[in-house]
Amino acid sequence: MPDAALAAAGEDRIAWAAAQMPVLRSIRERFAAERPLEGVTVAACLHVTAETANLVRALVAGGARTALCAANPLSTQDEVAAALAQTDGAEVHAARGEDADAYVAHVQALVALEPDVTLDDGADLVSAVHLLAPAHAPRMRGAMEETTTGLLRVRQLEAEGRLRCPVLAVNECWAERMLNDRFGTGQSVLDGILRATNLLLAGRTVVVLGYGWTGRGVALRARGAGAAVIVCEVDPMRALEARMEGFEVLPSLRAADRGDVFITVTGSTGVLRGEHFERMKDGAVLANAGHFDVEIDLPALREVARGGVREVLPLVESYDLGDRRLHLLARGRVVNLAAALGHPAEVMDVSFATQALCVEDLVRGADRAPGLHAVPEAIDREVARLKLAALGVELDRPTSEQQAYRSSWGVHPGR
Ligand SMILES: NC(=O)c1ccc[n+]([C@@H]2O[C@H](COP(=O)([O-])OP(=O)(O)OC[C@H]3O[C@@H](n4cnc5c(N)ncnc54)[C@H](O)[C@@H]3O)[C@@H](O)[C@H]2O)c1
């Protein structure tokens, strides 16, 4: 159980995050008035952070009994867990650094609650329901998954014909893609690199490997900081998009001797290898923003570093190639989490606002068949509307004439 003595510090953190989460706050206020989740049990296996605590409190305000365990034992903020555990209607099963047995026991404790809705970051909870309580899975109103990796696992369950509840693919909705991946990761990846190195990006050449949802944000932010940006891609459509955005597009081997900073963000493996390291300039910086630490080939990097490896700054290792040094950040792990603080609370505000509305939709909306489902567009629109309202941005409304025009059909001679 979380240590109650830490609760006051946790409240401060939760309040700090809450101040950056106006969209979720407006949903929480409506939930408190309407109580749409009365009598519902929600179980969430997410990072136990101040932002998540605000989601849990919104669900509790809506009437849900809500239980939380950690999706990653290393990201748990113990003081937040302590504060949240004192909230009526919420329970927390998490401790920073918990071992594998404790981690599994905490997931199992949530399964034992027979939740109506599960929330996942990596699909451990929904997998555990299917493994440990298969008869309960079809009784659930549904589940939600917020990561690419988790969705792969859910898709595998579905492909094997074993998925027995509806799952909303939160990871693929507009809020995740546009705000979270592009703006949240884009900014925080550069934040991690700058915190670790304190480099001036203006005037330097940054090579972004992978121009997907996340890579686009990284490239955009690097250009904004004054860097010349080269994009490397394997997908012709993404490469063309990068070119049309004005980025130089090159095969990675030809970019290798041009870059000052290399950022991998592909979701693939061995993207920067020995043949790249051999061509890189003295002082080149290597950072990874992809999920796993396999995008930069670390064994190959150690092999070319004939002069050894030395940590020259916290989270900066210098690999001595004899005539040159290459600097690896955060041991090749996700640089925005290892060297910075991950996504800002404002980004999580939009993600978690979406998830709160998804819980409501699963509980109150029409029954869904077992299987993977897209987040309803109406939820994306509502979150965008609330976010604009929080920013004080107004937009036009179509006139009735425009609405009629856009919903008519036939042969229009035009004017
Ligand atoms: N650091 C974070 O906070 C964070 C946030 C979101 C996603 N991610 C991770 O970032 C990675 C990318 O996610 P995404 O959503 O942008 O995926 P995505 O599929 O939209 O984009 C990946 C891009 O990389 C390209 N690619 C694949 N192999 C390549 C190679 N060898 N060389 C060059 N390009 C290559 C693909 O063609 C694709 O365009 C994943 O591992 C994801 O889990 C990290």
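Values below: all heavy atoms of this structure, side chains included; hydrogens, waters and symmetry mates excluded. In listed order, ligands and their atoms are each counted from 1.
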Worksheet item: Do D120 side-chain atoms and V126 backbone N/O form a donor-acceptor pair below 3.5 Å?
Response: yes
Worksheet item: Would a distance-only check, ignoring hydrogens and angles, find a side-chain to backbone donor-acceptor pair under 3.5 Å from E233 to R238?
Response: no
Worksheet item: R141 and D361: salt bridge (charged side-chain N to carboxylate O under 4.0 Å, His left out), yes or no, with the steps?
Response: CA-CA 10 Å; R141 293 296 302 167; D361 195 67; over 6 Å; no
What atoms of ligand 1 come within less than 4.0 Å of a heavy atom belonging to [X]?
X	result
T214	6 (C), 7 (C), 13 (O), 14 (P), 15 (O), 16 (O)
D235	37 (O)
V334	1 (N)
S268	28 (N)
C232	33 (C), 34 (N)
G290	9 (C), 10 (O), 11 (C), 41 (O)

Worksheet, complete the sentence: I263 and A289 have their tightest heavy-atom pair at CG2-CB, 4.4 Å
Which protein heavy atom lies closest to [atom], and at what distance to 0.1 Å?
atom	result
atom 41 (O) of ligand 1	H291 N, 3.0 Å
atom 21 (O) of ligand 1	G212 CA, 3.1 Å
atom 30 (C) of ligand 1	V234 CG1, 3.6 Å
atom 12 (C) of ligand 1	V265 O, 3.6 Å
atom 17 (O) of ligand 1	W213 N, 4.6 Å
atom 19 (O) of ligand 1	R238 NH1, 4.1 Å

Discussion item. Just by distance, no angles: are the side chains of H343 and T185 close enough, under 3.5 Å, to form a donor-acceptor pair?
Written reply: yes
Hey, what do you get for [atom1] ([X]) to [atom2] ([Y]), rounding to the nearest 0.5 Å?
X	Y	atom1	atom2	value
E11	I14	CD	CD1	5.0 Å
W213	T148	CH2	OG1	12.0 Å
L328	R302	CG	CZ	9.5 Å

Going by heavy-atom distance to [atom], choose the closest among [options].
atom	options	value
atom 40 (C) of ligand 1	G267, P251, G217	G267
atom 5 (C) of ligand 1	L337, T185, V294	T185
atom 6 (C) of ligand 1	D181, N180, T266	D181

Practice prompt. Indicate the ring-plane relationship of F247 and Y211, choosing parallel, tilted or perpendicular according to the 30° and 60° boundaries.
Written response: perpendicular
Worksheet item: For ligand 1, is any non-hydrogen atom under 4.0 Å from N336's backbone (N, CA, C, O), its side chain (CB onward), both, or neither?
Response: side chain
Item to complete: Please work out whether any backbone atom (N, CA, C, O) or any side-chain heavy atom from C-beta onward of E233 is under 4.0 Å from ligand 1, and answer side chain, backbone, both or neither.
Response: both
Response to the item:
Paired with D349, the side-chain contact (heavy atoms from CB on, under 4.5 Å) test is passed by just one of L55, V383, L179, V23, namely V23
Worksheet item: Touching ligand 1 at all, R177? Heavy atoms, strictly under 4.0 Å?
Response: yes
Practice prompt. Count the heavy atoms belonging to other residues, nucleotides or ligands that lie under 6.0 Å from CD of Q402, then report whether that count exceeds 12.
Written response: yes
